[in-house]
Structure formats: C-alpha cells, structure tokens
Amino acid sequence: MIAAVFLLYVIVEIAALVIVGNAIGVAWTVLLFLAGSLVGLILMRSQWRRVMDGFRKATRGEGSPSLAVADGALVAAGSALMFVPGLVTSVLGLLLLIPPTRWALRPLAVLLAGKRAAAFAAGGDAFAGTGGYAARMRGNGEVIDGEIIVETPETTEYVASNGKELVLEGEILDTDTPTRSRGPQY
C-alpha cells in the first residue's frame, strides 16, 4: 500500500513538472518552485503564530478548543506538505496554510477528528485492564476512610473538619529511621 502511494506521488509530481515546464518553460518552473517554497515558509511562520494564539485563547475560555485543534492540524499538514518536494505538494501545502482555505476545511477536520477520537476512546477502554490508572479513575480502587485536618498558620492547634479541637495521642519515634514508605501505595 505504501509503495503504491509513493509511486502515485512520483507519477503525479513528474507529470505536473512536465506539464508546467512545457507551459511556461524550465526556468520559470524552477522559479515558481522556489517562490512557492519561500511563500510557504513565510506562511508557516505566521500561521503557526495564529495557531498558538488560538490555543492560548482556547485555554482562557475565549475561543473554541475544537477549532483551535482543527486549525493546528491543518497548519501541521500544510507545513508537512511544504517540506515534501514537488509542485503539487507545495500547492496543497500552500492551500492548507492560507486562512480562507483552512476556514472552509475546518468543519471537515473537526468531523474527522471527532470520529477518530470516538473510535480511540471506544477501543482504548478495552485495553485498559483492571488495575492501574484507569481503574483508579473508574473508582475500582481501595477506599480509605479519613478525616481532613486543617492546620492554621496562626495557631498550632489542629482542628477537625467539624470545627472541634483535635487531640492527637501517640508516641514519638526515632526520626533517623524511617518507619513507613514515602509515597502513595497503589
């Protein structure tokens, strides 16, 4: 499959070079290729800034996260196409980097990403297993009853969550030898 796609890419790019070269000449074709690459680099830089601004706005709640991600995906695809040699890939990359074209393709990108995310979520849970992070998030882990103790900075008294003073009883252990492990036990 990959070999067939690569062969198709090579045939399409060579055909485009021959057609454009015959239409405008070899020198103009090379100049067109170089100009397209230069414009693509300039567009990549400016559009990545716009994408990052969209991400920042989405994190502040000022914009839609799905639109920011869709723009990011389209700019990433356009940038990748700009690095693949050839006239056809450069034109496709430029089309994905231009904001009006991205605006038109954004709903399609959101739709495809939504289907992909739903398929990932449906299949990802099947391999989660019974232990680990997924089990803790589902609530299948061990429940430990406890009480929240608030230590206020102005006093050294300990107050229970119901507001009553809490008295701690026990013995002082040697602090040089650890008596328990230092991390969560799962």
Side-chain angles (χ1 to χ4, degrees), residues 1-138 140 186:
M1 176 68 182
I2 294 174
V5 171
F6 181 72
L7 183 63
L8 179 66
Y9 156 72
V10 170
I11 291 170
V12 168
E13 288 294 349
I14 290 174
L17 279 173
V18 169
I19 291 170
V20 172
N22 283 335
I24 63 173
V26 175
W28 287 108
T29 302
V30 171
L31 188 62
L32 178 68
F33 182 73
L34 292 175
S37 297
L38 180 66
V39 169
L41 288 173
I42 293 168
L43 272 174
M44 275 192 286
R45 184 175 180 180
S46 67
Q47 296 310 304
W48 274 114
R49 281 192 197 131
R50 281 183 92 171
V51 165
M52 294 311 291
D53 287 341
F55 285 145
R56 285 186 203 102
K57 286 180 182 177
T59 57
R60 290 190 307 252
E62 297 171 1
S64 169
S66 63
L67 297 181
V69 170
D71 262 355
L74 291 171
V75 169
S79 298
L81 285 172
M82 289 305 300
F83 285 107
V84 176
L87 287 176
V88 175
T89 54
S90 293
V91 168
L92 290 174
L94 286 172
L95 286 175
L96 289 176
L97 289 172
I98 297 172
T101 311
R102 276 201 329 269
W103 179 80
L105 291 175
R106 195 179 299 146
L108 179 65
V110 170
L111 178 71
L112 290 174
K115 285 184 178 181
R116 181 92 171 137
F120 179 76
D125 204 21
F127 300 106
T130 57
Y133 181 75
R136 287 193 309 273
M137 294 310 293
R138 286 192 302 264
N140 297 341
Y186 297 111

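As a basis for the values below, the full set of heavy atoms in this structure was taken, side chains included, without hydrogen atoms, waters or symmetry mates.
For S37, the side chain to side chain contact (heavy atoms under 4.5 Å, CB included) partners two or more places apart in sequence, or in a different chain, are F33. The side chain to side chain contact (heavy atoms under 4.5 Å, CB included) test applied to S64 returns S66, L67, not counting sequence neighbours. Every residue two or more places apart in sequence or in another chain that forms a salt bridge (charged side-chain N to carboxylate O under 4.0 Å, His left out) with R60 is listed here: E62.
Of all non-hydrogen atoms in W48 and S79, the two that sit nearest each other are NE1-OG, 3.1 Å. Contact record, R56 with T59: O-OG1, 2.7 Å, taken as the closest heavy-atom pair.
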Below 3.5 Å, can you tabulate the donor-acceptor pairs from side chains in residues 19-26 to any protein atom, sequence neighbours excluded?
unit_1, atom_1, unit_2, atom_2, d
N22, ND2, V18, O, 3.3

Give every donor-acceptor pair under 3.5 Å between a side-chain atom in residues 92-111 and any protein atom, sequence neighbours left out.
unit_1, atom_1, unit_2, atom_2, d
T101, OG1, L95, O, 3.3
R102, NE, D71, OD1, 3.4
R102, NH1, Q47, OE1, 3.0
R102, NH1, L97, O, 2.9
R102, NH2, Q47, OE1, 2.9
R106, NE, D71, OD1, 3.2
R106, NH2, D71, OD1, 3.3
R106, NH2, D71, OD2, 3.4

Which side-chain N or O atoms in residues 2-12 pair as donor and acceptor under 3.5 Å with protein atoms at least two apart or in another chain?
unit_1, atom_1, unit_2, atom_2, d
Y9, OH, P85, O, 2.3

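Distance alone, capped at 3.5 Å, places no donor-acceptor pair between the S90 side chain and the G36 backbone.
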